[in-house]
Amino acid sequence: MGKVPCNSDIALIFYRLATLSQFLDENPFITRAYQKAARNIESLDVDIKHLFDAGKLKAIPGVGEEIAKGIAEIIETGTCKRYEAMKREIPCDVFGLLGIPGIGPKTVRRAYEQLGITTPDELEKAAIEHRLRKLQGMGVKSEAKILTAIRRSKEMDKRITLDVALPIARIAMEYLERCPHVSNVTATGSLRRHRETVGDIDLIATSDADHSEAVLKAFGSMPGVTRVIKSGATEASVILKNVRIDLRIADRASFGSLLQHFTGSKEHNIRLREIAIRKGLKLSEYGITDHETGILTPCGEEAEVYRMLGLPFIVPELREDRGEIEAAIAGSGSLPDLVTEDDIKGDLHVHSKWSDGANSVPELADAAMGRGYEYLCISDHSKSRGIAGGLSEECVIRKINEIDAFNDDNESSRGFRVLAGSEVDIRADGTLDYPDRILEMLDIVIAAVHTGFSQDRRTMTSRIVRAIVDGHVDILAHPTGRLLGERMGYEVDIDRVIEVAAETGTALEINASPRRLDLSDINARKAKEAGVMLAIGTDAHSTYHLGYMEFGVHVARRAWLEPCDVMNARGTTELLRRIGRG
DNA sequence: GCCGTTTTCGGCCCGACTGTTTTCAGTCG
């Protein structure tokens, strides 16, 4: 038997069942039931196998008799009969075809039934040969649209990281702010929820009805726009620097409703609309309509939307339908009081010129003080990281001496302390890259895996566990090793790592580099729930990178972290006590 | 297929834009 399916493997099968049932034109509510179950399985914070063992599968929302049976079957056999049967019934690459923007289940079905098309390549060929336009409901324009969509989907990257998305969003927002008759230009969607990557950029703005179309036209002719996807009376979509930007215009009176609607997530909004229906109301981007009287009440402020539904305000980072609705219903006291950037007292992961950083210790310290920090941990690479200027043992001692001298000159006068740290390699066998003698001289030891990424799950897990039970490690850096959009993390049983971190009192890092964001929001939340402290570090290699702290705090907020869960939300004295240096 | 302070049956989120239609279906977010 193959590997035991995990939550996301099982969720994937139900997502695919949803897609296949859509293709087979089954009752659309069956499709939705599969999707809902898949979403809830995906966002479970426990291993679904535990629920299965305890006979509690039906405790998962959206999981009833049939889906519970399916889950059991997948856990026991790796797949389920219904899924295999449907795949046999449909000898075409439904998933590949539906991956093309503008192609939906109806088109796939017609193309398959009437033209025998089974793959994206065949679809492209049919478009080139002008056979698609003969399909019912298709014309010359649809055919051309599909052809460009296929070509674009081959070259377009899927999701982009925030360091790329934010500057592009700012260009568009500054342009719009200069346009006449426009105000309240605001980023919404996944960007406002601070997801770790975004698929597109969603903007909204207010204008009066007389001018909205002109504003949208102006948006389409913004410098740098390479394509206008659509442009109507209230919304438009364009491509700028290879990124799609959607803009929606509303009047001031319904701005709060619009903001709420476009911030999403889709799943969160569906839950809100269900709540509205139960109260005899209808929620839309225009406001809240009383079902009986038909009277629409637009919300100027976003909080009004929640208030009218009888809920406390829910901050955007929590709007993922991962328990925030239930917490809100239970009362505002059940929602977390999330950590903010103002709570952060220092950066715990920074590289200096001693290894591969661009700035000296005093330069980094000045920049940190400029950000209002009380401390900064200079954590250069250890000796094995030759390629990144890893420090020999005698270099570490010289660095510690430099830091001591700096603190002697500055600590009492400026109320700021540099902490001597190191990002120490965890070797392939789980030992650390410095002897105990050196580790004990450091204020903070950050352990990290930088080599041997292809180790199997068991080896990697016991390697990391060995390192953190060693007793010298304060923080485990970028615990999964992933690089967003570039590289999956190494194989590791993160639940086991969290468990051992809890036992040993080791903090886990939220690496704030926008290419990493590791731990992820979901794993950081698991860590919090296991009683593990999180340390937000920017992994800065220059003073500029200290600004990445905002990305790390966003992940922390999405992980429901409060200041007490974050190691560097503690002041110097408390931090030193925690790491045994106070 | 799931679910219940209207329901164990009859519901299931809402609206914009495009293209092919001549009143609407398909797709998307």
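Computed over heavy atoms, backbone and side chain alike; hydrogens, waters and symmetry mates excluded.
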(request) Determine the interplanar angle of the A:F551 and A:Y548 rings, folded into 0 to 90°, and report it as parallel if under 30°, tilted if 30 to 60°, perpendicular if over 60°. (result) tilted

(message) With a sphere of 6.0 Å drawn around CZ of A:R192, does it hold more than 12 non-hydrogen atoms of other residues, nucleotides or ligands?
(response) yes

(request) Have a look at A:I67 and say if it touches a base, only the backbone sugar-phosphate, or nothing, with a 4.0 Å heavy-atom cut-off. (result) sugar-phosphate

(message) Under 4.0 Å, heavy atoms only, any strand: does A:A233 hit a base, just the sugar-phosphate, or nothing?
(response) sugar-phosphate

(request) Please report the C-alpha distance between A:I171 and A:L240 in whole Å, then the side-chain angles of each, then the deciding distance to 0.1 Å, and finally whether the side-chain contact (heavy atoms from CB on, under 4.5 Å) criterion is met. (result) CA-CA 10 Å; A:I171 291 172; A:L240 175 68; 4.3 Å; yes

(request) Identify whether any heavy atom of A:S237 sits under 4.0 Å from a base atom; if not, whether one sits that close to sugar-phosphate; answer base, sugar-phosphate or nothing. (result) nothing

(message) Check for me whether A:R16 meets the cation-pi criterion with A:Y83, that is, NZ or CZ under 6.0 Å from the six-membered ring centre and within 45 degrees of the ring axis.
(response) no

(message) Taking only the P atom of each, what is the distance from B:dT21 to B:dA16 in whole angstrom?
(response) 24 Å

(request) Quickly, which of A:E317, A:E320, A:E267 forms a salt bridge (Lys or Arg N to Asp or Glu O under 4.0 Å) with A:R193? Name it, please. (result) A:E320

(request) Hey, which sits more toward the 5' end of DNA chain B by its nearest nucleotide, A:G137 or A:P61? (result) A:P61

(request) Decide, yes or no, whether a salt bridge links A:E196 with A:R159 under the criterion of side-chain N to carboxylate O below 4.0 Å. (result) no

(request) Starting at atom CD1 of A:I270, determine the distance to atom C1' of B:dC12, rounded to an integer number of angstrom. (result) 11 Å

(message) Just the rounded figure in Å: distance from P of B:dT18 to CZ of A:R227.
(response) 13 Å

(message) If I take atom CG in residue A:L135 and atom C1' in nucleotide B:dG19, what distance separates them, rounded to the nearest angstrom?
(response) 14 Å

(request) Write down the distance between CZ (A:R278) and P (B:dC12), rounded to a whole number of angstrom. (result) 13 Å

(request) Using whole Å, report how far CD1 of A:I229 lies from P of B:dG19. (result) 12 Å

(message) Closer than 3.5 angstrom, by distance alone: can the side chain of A:N523 be matched with the main-chain N or O of A:I494 as a donor-acceptor pair?
(response) no

(message) Holding to ring-ring contact (aromatic ring centres under 6.0 Å, His included), I want the full list of residues that pass it with A:H261, two or more places apart in sequence or in another chain.
(response) none

(request) Would you mind telling me which residue lines up with the more 5' stretch of DNA chain B, A:E66 or A:L281, judged by nearest nucleotide? (result) A:E66

(request) Could you check how far CG of A:N27 sits from P of B:dG10, rounded to whole Å? (result) 15 Å

(request) Would you indicate what A:K282 reaches in the nucleic acid, counting non-hydrogen atoms under 4.0 angstrom: base, sugar-phosphate, or nothing? (result) sugar-phosphate

(request) Please report, rounded to the nearest Å, how far the P atom of B:dC17 is from the NZ atom of A:K217. (result) 12 Å

(message) Measuring only the P atom in each nucleotide, how far is B:dT7 from B:dC12? A whole number of Å is fine.
(response) 15 Å

(message) Students often get this wrong, so: under 4.0 angstrom with heavy atoms, is A:R248 touching a base, only sugar-phosphate, or nothing?
(response) sugar-phosphate

(request) Could you work out the separation of B:dT20 and B:dC14 based on their C1' atoms and round it to a whole Å? (result) 24 Å

(message) I want to check one thing: is the phosphate of B:dA16, taken as OP1 and OP2, less than 4.0 Å away from some side-chain N or O of A:Y286?
(response) yes

(message) Between B:dT6 and B:dG10, how far apart are the two C1' atoms, rounded to whole Å?
(response) 12 Å

(request) Report the relative orientation of the aromatic rings in A:Y306 and A:F313; use parallel for angles under 30°, tilted for 30 to 60°, perpendicular for over 60°. (result) perpendicular

(message) Check the phosphate of B:dC17 against A:S231, side-chain N and O only, distance under 4.0 Å to OP1 or OP2. Yes or no?
(response) no

(message) So if I take every side-chain heavy atom of A:E235 and compare against B:dG1, B:dC2, B:dC17, which nucleotide ends up nearest?
(response) B:dC17

(message) Output the rounded distance in Å from NZ (A:K134) to C1' (B:dT20).
(response) 17 Å

(message) Can you identify which nucleotide, out of B:dG1, B:dG19, B:dC14, has its nearest atom closest to the A:R82 side chain?
(response) B:dG1

(message) Roughly how many Å apart are B:dT5 and B:dG1, using the C1' atom of each and rounding to a whole number?
(response) 24 Å

(request) For B:dT8, give its Watson-Crick or G-U wobble partner with both distances under 3.5 Å, or none. (result) none

(message) I'd like to compare against my own output: the B/S/- annotation of nucleotides 24-29 of chain B with a strict under-4.0 Å heavy-atom distance to protein.
(response) --SSS-

(message) Distance check, C1' atoms only: B:dC2 and B:dT8, in whole angstrom units.
(response) 12 Å

